[in-house]
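A short worksheet on the structure shown next.
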Amino acid sequence: MTADVLLDVQELQVQFRTERGMVRAVDGLSYSVARGEAVAVVGESGSGKSVGARSLLGLLPKTASITGGQAIFDGNDLVGMPERAMRAIRGRRIGMVFQNAMEAMSPTITLERQLTEHLIWHGVCSKAEARERAIRALGEVGIPEPERRIRMYPFQLSGGMRQRAMIAMATAIEPDLLIADEPTTAVDVTVQRQILELLKAQKERGTGIIMITHDLGVARFFCDTAVVMYAGQVVERGPMAEFIECPAHPYARGLLGSTIDVGDRHRKLSVIPGSPVDVANRPSGCPFRTRCALADADRCTHAQSLESVSPGRVAACWRSHDHV
Amino acid sequence: MAVPHTMPKRSVQAAAVVATAALALSACSIFGDGDTDPTVGAGGENDAQVLRTTWSNPESLDPHVISNGIWIDQQGLFEGLVVQNSTGSDVEAGTADEWEVSEDGTVWTFHLRDDASWSNGDAVTAQDFLWTYERLLTPGGSGAGNTTGANSYQVALGIANASEFLAGTVTDFAEVGIEASADDQLVFTLDAPNPGFLLGLTHPSMLPLHPATLEEFPQEWTEPENWVSNGPFVLDEWQRNVEMTLVPNENYWDTENVHLDEVEIQLYASGEPVSPVAYDNDEVDLMQLVGEDVFSYVDNPEFTDQIRAVEQRNITYLALLRSTNPVLEDVRVREALSLALGREIVAGLQPGVAVARSLVPEYLGAEHGLGQDEDIARAQELLADAGYHDGEGFPELMLLTEAPRPELDVAVDQWAENLGVTATVNNVERGVYVEERWSIQDTPGFYSGSFITRTNWNDAINTTFNPRTMEEFSLPAEVWEEYQEVQADEDLDPGERASQLQALRDAHASAGAQEFTALAAEGSSQPDLEAATGYFVDAAEVRDDLYLYLPVTLIDANYLVRPGVEGLNLRGTPDVYYFKGVSITGE
Amino acid sequence: MSDALVRLNGVSKVFRGRGGAVTAVDDVDLEVRRGETVGLVGESGSGKSTVARLVMGLQPVSAGTVEFDGCPMTSIKGRQAASFRRRAQMIFQNPFGSLLPHFTAAANVAEPLRLHRVVDAAAGQVRARELLELVGLPPRSAELYPHQFSGGQQQRIAIARALALEPELLVCDEPTSALDVSVQAQILSLLERLKDELGLTMLFISHHLGVVEKLADTVAVMSRGRIVEQGPAEALFEQPRHPYTRQLLAAVLPVRGEPVPLPEDPWRPEDDDGVRMIEVGPGHRARIGAAEQPQAVR
Amino acid sequence: MTETDRIDPAERPGPPDSSEPAATAGAAQAQSQFRRAWTRFRRNKLALASLVILAALIVVAMIAPLIAPYGFEEPDYENTLAGPGTAGHLLGTDLLGRDLLSRLIYSLRTSFLVGFGAELAALLVAIVIGLMAGYRGGRAEQLLMAVTDVMFAFPTYLFAVLMVAVLGRSVGAVILAIAIASWVNMARLTRAQTLTLMQRDFVEAARAMGAPGVTIAVRYVLPNAVGPLLVAVSFGIPAAITAEAGLALLGLGVQPPTPSLGGMIQDGISYVTSYPNMLVWPAVMLAVVLLAFTWLGDGIRDAFDTTGTRR
Amino acid sequence: MNLAVFAVRRVARLVLSLIAVSIIAFGLLQLAPGSFADISNLAAEESSTVTAEMQQRYGDEVPVWQQYLGFMKGALTWDMGPSYKYTGQNVEDIIATSFPVSATLAVVAVIIALCIAIPVGVFSALRQNTPWDYGSMFAVTIWHSLPPYLVGTFLMLLLSGTWHVLPSRGWSGPENMIMPVIALALGPAAVMTRYVRSSVLETLREEYVTAAFAKGGARRLVIRRYVLRNSLIPLVTVAGPVLANLMTGTVFIEWIFGIPGLGQYFTDAAASRDMPLLMGTTLFFAVILMVTNLVVDLLYGFLDPRIRATAGAR
């Protein structure tokens, strides 16, 4: 761990209370983010990638609770942090960008208020100054006529513009860490590229970024580190380039093989059979074993721990060395 | 979302402030003047004598418009030539302090007292009375609102040409037998001697009105700010449907005998549950117990000294409905139904209810045997005679009513059990009831009604189910239809209409009904009360034997009167008592 | 061309709403030949889904004609319409939403058979099970309800249903957009297999260029209701001629290979106003002015 | 369901129980919407208890002649206004000595008849017009809009009073009056549900399959609107019962001697100071019935998860 | 469509509905059996001939349509003539004096109901699935199931009959409002509490609430600015109809507590077939309902910027 590490998550566990009993949505999530580093948490539906990130800020519903692990941010553990201390971190030190700005901004409050209020809450600046900063931030994310637009309500902006405004909302306060939860899923490819460029600028300023995405293209384009999750567990973690080059875990390999690029016309798709596993019905041992071509009845029914496959890379499969 | 367990207090406070403000605002404007003080009353420490009582909500206070209001006029707002004595059996001096009658009993001369004056200070004159009576008798009423003619009541007084003027056959009021021979002298000329004339003058329609006020405010004269009257009290406040306040008339001639400083009358809307809660809660000092409330007070030792009964004040009856089905045109059938009505059962259901055997209350001294009694064996016999043995082939009967009444349920039950006759109760709204009573039904049956019993023989014969009405009742259905057409014919001039109706009655009314008419007329023309009563008793008997109506029960009126209310003379009349003379003594 | 199953000639669609008229599809010419898969790509709001609905006759055209097997759709009425319905079927983006929630998987698949009275109920059930098997669902799933399936399985049911009437044309409107990456690959493989096995003619609509490239023989690129470029898939993806196509390709972030830098001066739809489609290669047309043509070749 | 929902259901803020068990994962049992709703409903103890109570009361009402100790208009002049616990009259008697328990049982019969009858009649009309208005638009929609405008301007209570005045006071007339006064809201709900369901892809899918409009409306759309309609009915029945009681209080309810809860309450109110049990029994019964329907409605709503139909 | 056209259409629909209401009401009255006659105090009834007299006066000499047009003309000029039953009072005067009473009751009841509903509903939602939540929802459902006339009757027996703390009836001061308002407010309070609770619960699940917390908002602030604002605006749509219903539906309460509101007059007029009064009150209620609905729409539009914006665009 270097001095630059902003956040260090270790063995995080999150449970949900459901009608069918307790469900472990996140079961052992570990990664760290350094200043200026972008970590991609990649996975499919129900893999726990978003729950894991939101739990850091205590933004889960009441039915959820963190049952284990720690998340050291700036020397303090976010897990079990008192509400007051947590509030000082939320929005100020750790910002968050949501998937859909339409849903993540109140329809009845003007942009101005939504962009400035937390500056005032955190005592960053005065109201007038906050307004200046918000206008500037809007300009920076490429919204024309920010002075006029700031008086509008979110629904009066186009989708792309709303998404930018939300990024302005999270970044105007210059947080140390940014959690971006599928920030481009709801927008078109051309807009996606622009949004990512905006986030890149933040990264270059030294902000650490946790990017939650199901899109490997986005992850690869933007992030330095890949954390691949499956059924609430991390199956592989390591530098992005090496991960793309030769994924170690069979699931990660399958995922990469399923991803279609332009120019893949003649590449044969590698298909993972079966359906993604639901965390509520996770099989014992390796969660992927029911879909894994390499599954071995003896080895895979035991829990797989993350083991180093190469420097800086870990994977949760006993055969992962075979592929590196 | 994890959420805090605190409440946004500020919005709650804001809402509370708004609510308080709204309450405060509304309190200033929408309530009545609000000068009533519920703690002041019979039990209160205050010296002011305030009588708090209840009355059925009056639609109007015009004594010429039939509504509950005319009895309030009578109770103390206006004063007629004469007023009733404490039992209602005779009259005492009112605005007139003296009167005499000619020897033939047809000319009555009244002398107004010198100090009789209106509440605005004007003297009460004979011309005022004359003006009032012209207003009363003018066909169609004088003011736009005077539509419900109390004038028809006055037919019974027998004032010369009064009915003719009312009917339109006489158009010059000067021909009517009322004359103001001097400012303080009023002379009535009657067609025939009338032993009921003096008591008849105590009807609210004979109260004097203040001509100047009525001419200035044809409609609004009953508003407190325009109010002028000659009685012991004047209208101080009238919050419609809620409350009326009367205060003493300073210009009244007999203020010494007016003890109350204020009368508060809670006005109960029709159908409103008149719960004695108001009495228990010390909101009123005097109220009538209505319907089922008698159970918790009458015969309750705790209230023995607070209950005052007016015996046999009301009589309930079933009256014949006109029907295309002639089954009830057979008097034997009607008698049979009457004899098996179950009166004893009804009387046993509630305290203060007695069997009614005649339309005339027992206390007038009618001998036993007058009227209708119960005899099931006889009833069955009669029905069999009429051709309906055990009710076979008897059509279903309808009992029309505008409120649930136990006697109807009992009748249905008893008729079915004893006579094999089925009947259904048809409970309809007032508007329907009033119309249906007079229209011709497909189903034979009766309508249910009740009267305030008449406290003297004259009224008992000549007002409730008077001769003309009895003749009308006895008309066969098809004649009744024709009769109503004549009544409704706008093209006929009034005189012509009256004579056509008379002709129809003469031709088709039953012999019994015509006999009743003759006996009643004979009685009314007797100058001597006793002689008259003889005829009236006979007439009553004839009337009851027609079985065109079946008397059911006589019902006591029970009043809750708070201890300390003195000088209260409850009478069997519709106005019940006068405010004058009532006082409240601190206990 | 006689082998054109579907042909759109100058088709436009205008929606009139409270906010005024919106031209969703603007003078589109398109052709789907038998046995061919035509891919339609574009961003949201480009009108590609509206084209699908116009082809399916779910909405009337505002101008132009849609011909199915040489027969203009506007004149199709009554029985002809019913027979058309049997010959063209559709798959939707949201598999759960497009299935009848209160019908079992088998009943969903058998419903078109019932509607068109192709077979009796019992035979319909048998056929439904065969079809479910064809799309890779186990027989025991026949009696389950749609909500009991995962998204990929639901889409398989929807495909089975679309195939029940053995249609000549299959219109797929973003069939994999709502699915996870691994499931998307499954469905695409399934469609590829079915295409080969059954010789399906498909109109395949997606915003995902890679997916379209993978499946389509011919590709049309749409923007703001207009087709800006169309041609054989290989030619179009390797030698995009229209600036918008190039821009779109550049915006895609590949997993393998390097991303292309975005063009400095983004193309705007207005740039195309008054510009006509011209032939730029064999079967390859683009909406570029003749004057631009030399520059377009890079 | 939106695209975003599908991508990551378990990660939406909310319990991750929305992620369905994959059919292949185990031997899942076929679950129709009703079975699913019933499973959820069963877990709601209050709603289940309400259902049991209502079912029991309905049975009691249906077999009233068998279990009522007396006829509803059978007098007992020896035992008038008897208190509760009088021999032979468990709950006491009224002025004519009629058995209150028997009258209460028959009252339930009338009240349920009015409640179910009115709601059923309203529902039938509402479904036809609501479906047509929602699915076809056009004249049905214009009609519904116009009627809605008028009915919204016509105070329901005043309308019912006038209707009963016209139709009379038979059970049928009261049912009709209440039904006419209440079908509009139900039709609007049906229309709204239809419009919502029309947005669902399966309608377009059905059209693409070649299903005719009637089939879509009746076979595909309607069954999916059942949940909210059931909820509306379960709230509508007690409303109709209350409406009858209100009419009865004004003397416009079902014609006596046929007893109804409202009629008994009307009787009871006049006796409240002397024989409160005459008011207490029907009042308690009415409250129990209304309460049970409310909880039942809540249960059904939660079971079908139709949050939009909350009243 | 611009705002003016929208407004004109809206008003036109309003007028058409009013005409329809008047025709329906008038038609129903024509169909209904019975006609107006003097319904004097039947207990004090003196003679049957009086009613016959009335029949003559208010016979059917005028054609129905002329009666209708005559009445409508009167209604439009706010001169509906005297009531048949309340002789000496004009219909418009009756309405003018009694409607404010009903309206006050209704408005105060709705305010009280809101004062109960908002805190209790919000509280229950914030403490979902706690004993507090279950308890208050249980209580609220029970209120909901008690018709106002029963509540009113029991209140009167308790507070006036037994404890002697409030006057049982009348309309002379604020103390007369307490029981009626409670009886009236309980039902709406229950309805609105349930609405507020579910609305708040729904809003709590919105992403923007999470986003507000993610910005570091204090709970109270987020609840007020994000949750309450967005969940209470729709309450207007519930409170409006409730208010309109109360204004027309206070009749039982007016009856039990002897309050001189319009509902009493209406019922009385209906029973006694007082045509002018009945038509007058019906039309007046219709206008009140429409105006309330209109105000609710406008208010909702004003409170919700989304609707405000689209309405402005039209």
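As a basis for the values below, the full set of heavy atoms in this structure was taken, side chains included, without hydrogen atoms, waters or symmetry mates. Throughout, a chain's letter reflects where its sequence line sits, starting with A, and its residues are numbered from 1.
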Answer with side chain, backbone, both or neither: which region of R36(D) has an atom nearer than 4.5 Å to a non-hydrogen atom of chain C? side chain
Taking side chain as everything from C-beta outward and backbone as N, CA, C, O, which of these in Q199(D) sits under 4.5 Å from a heavy atom of chain C? Side chain, backbone, both or neither. neither
Whether the side chain of H102(C) engages the backbone of R219(D) through a donor-acceptor N/O pair (distance < 3.5 Å, no angle test) should be reported. yes
Please check: side-chain N/O of R207(D) versus main-chain N/O of L58(C), any donor-acceptor pairing under 3.5 Å? yes
Taking all heavy atoms of [X] and all of [Y], pick out the closest pair and write down the distance.
X       : Y       : answer
P101(C) : N224(D) : CG-OD1, 3.1 Å
F202(D) : L99(C)  : CB-O, 3.5 Å
A205(D) : S98(C)  : CB-O, 3.5 Å

Within the 4.5 Å heavy-atom criterion, are T215(D) and R114(C) side-chain neighbours or not? yes
Would you say L115(C) and P212(D) make side-chain contact, with heavy atoms under 4.5 Å? yes
Decide if atom CZ of R193(C) counts as having more than 12 heavy atoms of other residues, nucleotides or ligands within a radius under 6.0 Å. yes
Reported CD-to-CD distance for the pair E204(D) and Q59(C), which is rounded to 0.5 angstrom: 6.5 Å
Value for CG (L100(C)) from CD1 (I216(D)), rounded to nearest 0.5 Å, stands at 9.5 Å
Quick check on A162(C) against chain D: is it the side chain, the backbone, both or neither that has a heavy atom closer than 4.5 Å? neither
Do you know which of R161(C), M56(C), R53(C), R86(C) has the most heavy-atom pairs under 4.5 Å to chain D? R53(C)
Neighbours of chain D found in residues 116-130 of chain C - heavy atoms under 4.5 Å: H116(C)
